[in-house]
Trainee: 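Have a look at this one before I ask anything.
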Amino acid sequence: MTDRLAEMFARTRAEHRPAVLPFLPAGWPELDDTVRLVEAAIEGGADGFEIGMPFSDPLGDGPVNQVAYTRAIANGCTAETVFEAVRTLRSRGVRAPLLVMGYFNTILAHGLERFVEDAASAGVDGFIVVDLPPQEAGELEGLVRAAGLHMVYLLPPTATPDRIRLIAEHGSGFIYCVGFVGITGERAEVSSELPGLLSRVREQTDLPLAVGFGISRREHVRAIGELADGVVIGSAFVRSVAEASSEERPAVARRFLEEITGRVS
Amino acid sequence: MTTHTPMASVPDEHGHFGEFGGQYVPETLMPALAELEFAYHEAIRDPAFRKELDDLLRDYVGRPSPLTHTARLSAAVGAKVYLKREDLNHTGAHKINAVIAQGLLARRMGKRRIIAETGAGQHGVATATVCALFGLDCIIYMGEEDIRRQSLNVFKMKILGAEVRPVSSGSRTLKDATNEAIRDWVTNVRDTYYIIGSVVGPHPYPAMVRDFQSVIGIEAREQILAKEGRLPTIAVACVGGGSNAMGLFHAFRDDPVRLIGVEAAGEGLDKRHAATLGKGRPGVLHGARSFLLQDEHGQVQEAHSISAGLDYPGVGPEHAYLKISERAEYRSVTDDEALAALQTLSRLEGIIPALESSHAVAQVIKMKGTFRPDDLVIINLSGRGDKDMNTVAEALGVTV
């Protein structure tokens, strides 16, 4: 089985640039928008994609993602919507890594085994579960590993050496380093704590490191590219898509990626 | 009388009550939870902390609260019934017990900025009170819908010097105020102490709040032994998040005492309600695994109760554990039954209970005819009804 995440980081490392992973909630802004928006982002330069699985109480997310999740749920988005989008993307030839980002309760409600099976057969590469730190993740992590998929953990600047070690042991695919102490959302500047965090994490692991939370501009991507293997762009991308009309959305998504990856300025 | 094997000591070192509890939080909070757990265990072993807390509970809160025998209610239901009078505490409810202890802990940890969530406003008022007492900055998150329903408590918090931040996301009630408080904590974790109002949230909160509330049951146990020379046969308390119930139950966990928790059945269990243990399924919300009102896809549903303090779709993980292990029984009482019980207790005993506590009273009234001759009942009268007079008047169609 090919490891799409490993392939992606091998390629972007060879090209001396960070992998760019945008995030959008599934089933949003309209229920059937996910496939065309992911494809547009990939055309614009995205190397992989994080698909958000909506939850009613996203306590790790800022207002932009919260509002989007609320709308996605109202649209009728469920775990099945996420899997259906991934299946369609794979059938249309998308080879980029696709990760599901969400909260544990919606996974529990689907049933852990069934969730991992459905995700694996749809073509999902890994999971980021915001409210599932490694010491509570045992059962899910076992199933995910057995299916040959990745558990990606978040690592914030507040992390102690013990926590960094724990996450380095349990994580796979890459480690998602949080650029800021806080919830998701745009920030003007990249945190001054980031280089310190990244070097502390590097001491514990050879896994690729991606940085997210607060990334909204080309300068951020360029600066982080000097320090890390990947960047995740969430709220800024969500906001930009939210402001577009239905007809403009794919073009806006594509343009956003072209600008932030530096393909066009 | 049934005998019980002593309960295992819960939670375990990772905060699990059997399959429930735990720490389901963003990684950013893990160091803060570890710091809190360490500080908490250190504090309760420190005689100076215990003494300061005991002094405040006595001289500021007004403890011990009385255990009041009810002559007319007892006659009406056919069992000897006592009320544990948490309504007589400063600020009018049991909430202050755990808040004053956490305020001391925050000060000891050097955290000068306090945040809290509130539904009805009782926990917010208690938190604002303690912040005034200790000179701490106080920010209270409260849903816009609750701000509308509980304008008097909002005003009280402001008089006490707190900033009340309206929450407009989701259902704009306690659940969403809690999300917002957690977001604040994730963002400002280094200088902020989050005072959680119930036995909910990630470990160590459920165990810590229970321990700080356990003074209720410890006192009640001593008081009933002094008055009656024996233990109660039944202890009854309402359950929203479940802090007053854990506070009463904990001291009786190894005794042959029936523990009955009473949830809000709202408009009825087939309509809008807040009977999380009765009708919910296990899930994860606000940092812990417990029972949860949710749809088939795991989206959390809105709860409903006439009592804002019970209007919460989750419940403390230890209650889930007590339910599954069958150590406690959980029943539910409708809005109408609670309203009737509020009036019954007011007229029979001259005590106006909070709508929350009225659910526990209503459960005992409903049990009339099932009591045995030797039954001895303690109801936790967790709060007083002053705050609810507008709601009650509206429900009864009266303009005040």
Side-chain angles (χ1 to χ4, degrees), chain A residues 53-63 66-67 69-70 72-74 76-81 102-111 115 129-137 153-164 166-167 171 175-178 180-185 213, chain B residues 13-16 19 21-35 117 167-171 175-192 201-203 281-290 292-302 313-314:
Chain A
M53 188 166 64
F55 181 46
S56 54
D57 295 78
L59 48 76
D61 279 289
Q66 237 184 97
V67 167
Y69 276 157
T70 303
I73 293 167
C77 182
T78 66
E80 186 45 43
T81 314
Y103 290 80
F104 193 44
N105 198 56
T106 45
I107 299 177
L108 272 178
H110 198 82
F115 185 85
V129 189
V130 178
D131 58 349
L132 192 68
Q135 80 280 356
E136 303 288 4
Y153 290 101
L154 293 155
L155 196 51
T158 53
T160 55
D162 283 358
R163 299 299 304 180
I164 294 174
L166 189 70
I167 283 164
I175 292 179
Y176 187 150
C177 298
V178 177
F180 286 84
V181 178
I183 54 178
T184 61
F213 285 35
Chain B
E13 59 180 315
H14 303 295
H16 293 121
E19 67 191 275
Q23 296 177 311
Y24 294 85
V25 292
E27 182 66 32
T28 305
L29 293 180
M30 289 305 302
L33 292 173
E35 180 191 1
E117 82 296 337
V167 175
S168 59
S169 57
S171 57
K175 164 177 90 74
D176 310 284
T178 306
N179 290 337
E180 213 51 47
I182 293 173
R183 289 185 185 110
D184 180 313
W185 200 31
V186 172
T187 306
N188 301 296
V189 62
R190 285 168 170 140
D191 67 351
T192 298
H203 179 67
R281 284 182 293 122
V284 168
L285 178 68
H286 297 152
R289 198 157 173 161
S290 184
L292 191 56
L293 295 179
Q294 55 182 320
D295 70 13
E296 59 178 311
H297 303 295
Q299 307 301 349
V300 181
Q301 291 173 317
E302 288 178 32

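For the numbers below, each heavy atom of this structure counts, side chains included, while hydrogens, waters and symmetry mates do not. Order of the sequence lines sets the chain letters (A, B, ...), proteins ahead of strands, with each chain counted from 1.
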Trainee: How far does CG of Leu154(A) sit from CE of Met30(B), to the nearest 0.5 angstrom?
Mentor: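 If we round to the nearest 0.5 Å, Leu154(A):CG and Met30(B):CE are 13.0 Å apart.
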
Trainee: Do you know which of Pro282(B), Pro202(B), Pro26(B) has the most heavy-atom pairs with chain A at a distance under 4.5 angstrom?
Mentor: Pro26(B)

Trainee: So, Asn179(B) side chain and Leu59(A) main chain: donor-acceptor pair closer than 3.5 Å or not?
Mentor: no

Trainee: In the structure I gave you, are the side-chain heavy atoms of His297(B) and Cys77(A) within less than 4.5 Å of one another anywhere?
Mentor: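 When only atoms from C-beta onward are counted, Cys77(A) and His297(B) do not touch, as no gap falls below 4.5 Å.
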
Trainee: Quick check on His286(B) against chain A: is it the side chain, the backbone, both or neither that has a heavy atom closer than 4.5 Å?
Mentor: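 Both backbone and side chain of His286(B) come within 4.5 Å of chain A.
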
Trainee: Rounded to the nearest 0.5 Å, what separation is found between the CZ atom of Phe55(A) and the CG atom of Leu285(B)?
Mentor: 5.5 Å

Trainee: Keeping Gln299(B) on the side-chain end and Pro54(A) on the backbone end, is there a donor-acceptor pair under 3.5 Å?
Mentor: yes

Trainee: Given a strict heavy-atom distance threshold of 4.5 Å, which part of Ile167(A) is in contact with chain B: side chain, backbone, both, or neither?
Mentor: side chain

Trainee: Looking only at non-hydrogen atoms, find the nearest pair between Pro31(B) and Ala159(A) and report the distance.
Mentor: CG-CA, 4.4 Å

Trainee: Is a donor on one side and an acceptor on the other found under 3.5 Å between the side chain of Thr106(A) and the backbone of Gly298(B)?
Mentor: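 The answer is no, because no donor-acceptor pair under 3.5 Å joins these two groups.
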
Trainee: Atom CG in Asp57(A), atom OG in Ser171(B): separation rounded to 0.5 Å?
Mentor: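 Asp57(A) atom CG to Ser171(B) atom OG measures 8.0 Å (nearest 0.5 Å).
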
Trainee: Less than 4.5 Å to any heavy atom of chain B: does that hold for the side chain of Pro63(A), its backbone, both, or neither?
Mentor: neither

Trainee: Are any non-hydrogen side-chain atoms of His14(B) and Gln135(A) less than 4.5 angstrom apart?
Mentor: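 Answer no - side chains too far apart.
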
Trainee: Would the distance check show the side chain of Thr28(B) and the main-chain N or O of Pro156(A) forming a donor-acceptor pair, the cut-off being under 3.5 Å?
Mentor: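 A pair under 3.5 Å: no.
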
Trainee: Chain B heavy atoms under 4.5 Å from Asp61(A): which part of the residue, side chain, backbone, both or neither?
Mentor: backbone

Trainee: Using a cut-off of under 4.5 Å for heavy-atom pairs, which of Thr160(A), Ile73(A), Val129(A) has the most such pairs with chain B?
Mentor: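 Max contact count across the listed options: Ile73(A).
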
Trainee: Measure from the side-chain N and O atoms of Arg183(B) to the backbone N and O of Pro58(A), and report whether any donor-acceptor pair falls under 3.5 Å.
Mentor: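 Pair found, side chain donor or acceptor close to backbone of Pro58(A).
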
Trainee: Do you know which of Gln294(B), Arg190(B), Glu180(B) has the most heavy-atom pairs with chain A at a distance under 4.5 angstrom?
Mentor: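 Highest number of pairs under 4.5 Å: Arg190(B).
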
Trainee: Check whether Glu136(A) reaches the backbone of Gln23(B) with its side chain - one donor and one acceptor, N or O, closer than 3.5 Å.
Mentor: yes

